[in-house]
Amino acid sequence: MAKFYDTLLGEYIKNPWQKKIGLDSLALNCFNYKMISYDEITGKWKINFKDVNLSDASVYSGEDVYMTHKIYEKQKEEKINENKVLQEIEIPLLEVLKNMEIGGVKINRDKLKEIGMLLENEIARLEKEIYHLAGENFNISSPKQVGEILFVKLGIGATKKTKTGFSVDSDVLESLSHKYPIAESIKNFRHYKKLLSTYVEGLINEMDDEEKVHTSYNQTVTTTGRLSSTNPNLQNIPIWEGIAGEIRTAFIPYNEQDFLLAFDYSQVEVRLLALMSWDENLISAFQNGIDIHYNTAKFIFGKESISKTERKIAKAVNFWVIYGISPFWLSEMLGISRSDAKNYIDKFYENYPKVSNFFDAIIKNCEENGFVETIFWRRRYINGINDKNRIIKQSAEREATNMPIQGTSADIIKIAMIQIYDFLKKNNYKTSLIMQVHDELVFNLIAEEKEKIIPEIQKIMENILPNKNIKLLVEWNIWKNWKEAK
DNA sequence: TAGGATTGCAA
DNA sequence: TATTGCAATCCTA
């Protein structure tokens, strides 16, 4: 048992789907008690808390402590405090995340500014070009104005609509770009603008005096058990080729002599599908080190010699299984016919029959009990699993089949983080964990510790699930920035 | 000023 | 007619 407890994590474990699990809403819902808000106590002038009069401050603070304890007592009655995921994963993870957040990630400000200058030049150039092609100035960042220019003023035929008007997303612009140069330019403008405002300016704004950013990892947001990251979000930094990929070169080690060390789980979700479904063909492919996309391609195309395009299709089909995409969408995404898409999916299930059984069993169980679980028994309730509406029912089924895989992957990396943190701490290593991106862990590596810790971290990560039918596999890289270490 | 809508970035 | 997220921006209420 951990030495401390967290009621917020307790509520999250009980039901990760419910949104309002904060102290204020729990007090209201469980005990019909309205907590004093911070705004009420600091008044409309937003005075500093130290200037609040003592009796008001005491009541406000006492209320927090009292209510937290009341909720703790309630959770004890419900035996939430005995939950294994809570005790063995979420609560121990708190200290790991705290240290990652405080440690921060070092950013090369000059490098970011350099990228920013390039982007600004491109944006200015494209802006002029777009105004010229449109014959007037307008706000290119406004979807509404872009729609008016393209589909009203220039009279281009609109293809897609949103709730409020014309859709002008990148797919639409892409489809118009061959015929209309302005569409291509707007698409590029958007791309560069996104990089500049979200990543270059966004990161610079979050940097402290030491050129570090300190993200917040939120443990109680996702329905599957994954973490999320905010201020800044370090889990959606671009990885594209070209200038977008350059953003990652600005992520650097703390000191010049250090390195970034990145570990990632290789194809973890497909591996977990094999492990959890017990499908012999999937398992033997992994056991024999056969490229899994090639293996699927062999099945769906019924031949040994596989082209690059065929492997790409097989990769999409493998990917599809995790998310439950329909043949329609698969055909759209791959630019193939719907009957081909359906055929590939059927072939997949014919050759990996236990995957099909596995999903059926999850859905059946969910229909009866209302929830699904990971192999570590993390639970998620699924709304709409017994809905009469086919669309809602199918959507619920996709959520139900996705969660055990995505959630187990989340469990595994969280356990790895705890074990690695303990290992580094126990041996007084100065190397530290600085980022988590769902299936990847990034460390600030102290050069002289390299030989000792890399094999140990690899061992920990690969052995979270010992004695299973297939092995987890991790890959690692070290470099002076995150782009090259990936 | 708050919050919905659109868009686009990641695993 | 694809799973899970977060942020910038626009724009209406």
For C:dA2, the Watson-Crick or wobble counterpart (both distances under 3.5 Å):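 Because no pair has both required distances under 3.5 Å, C:dA2 counts as unpaired.
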Any chance the side chains of [X] and [Y] put a donor and an acceptor closer than 3.5 Å?
X: A:E129; Y: A:S185; answer: yes
X: A:Q406; Y: A:T224; answer: yes
X: A:D411; Y: A:S409; answer: no

Looking across every strand, which nucleic acid part, if any, lies under 4.0 Å from [X] by heavy atom: base, sugar-phosphate, or nothing?
X: A:T401; result: nothing
X: A:S167; result: sugar-phosphate
X: A:N402; result: sugar-phosphate
X: A:S326; result: base
X: A:K193; result: nothing
X: A:M403; result: nothing
X: A:R380; result: sugar-phosphate

Whether A:F263 and A:F443 hold their rings parallel, tilted or perpendicular, with breakpoints at 30° and 60°: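 Perpendicular.
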Taking the side chain of [X] as its heavy atoms from C-beta onward, which of [options] lies nearest to it?
X: A:P238; options: B:dA10, C:dA2, C:dG5; result: B:dA10
X: A:T223; options: C:dG5, B:dA11, B:dG8; result: C:dG5
X: A:N233; options: C:dG5, B:dT7, C:dT1; result: C:dG5
X: A:S228; options: B:dT7, C:dC6, C:dT4; result: C:dC6

Reckon [X] has a side-chain N or O less than 4.0 Å from the OP1 or OP2 of [N]?
X: A:T164; N: B:dT6; result: yes
X: A:T162; N: B:dT6; result: yes
X: A:H438; N: C:dT3; result: no
X: A:K144; N: C:dT12; result: yes
X: A:T224; N: C:dT4; result: no
X: A:R190; N: B:dG8; result: yes

Closest-nucleotide 5' rank along DNA chain C - winner of A:S197 and A:T222: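 The residue mapped nearer the 5' terminus is A:T222.
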Under 3.5 Å donor-acceptor pair, A:Q406 side-chain atoms to C:dT3 base atoms: yes
Ring centroid separation A:Y352 to A:F348 under 6.0 Å: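 Between A:Y352 and A:F348, the centre distance is under 6.0 Å.
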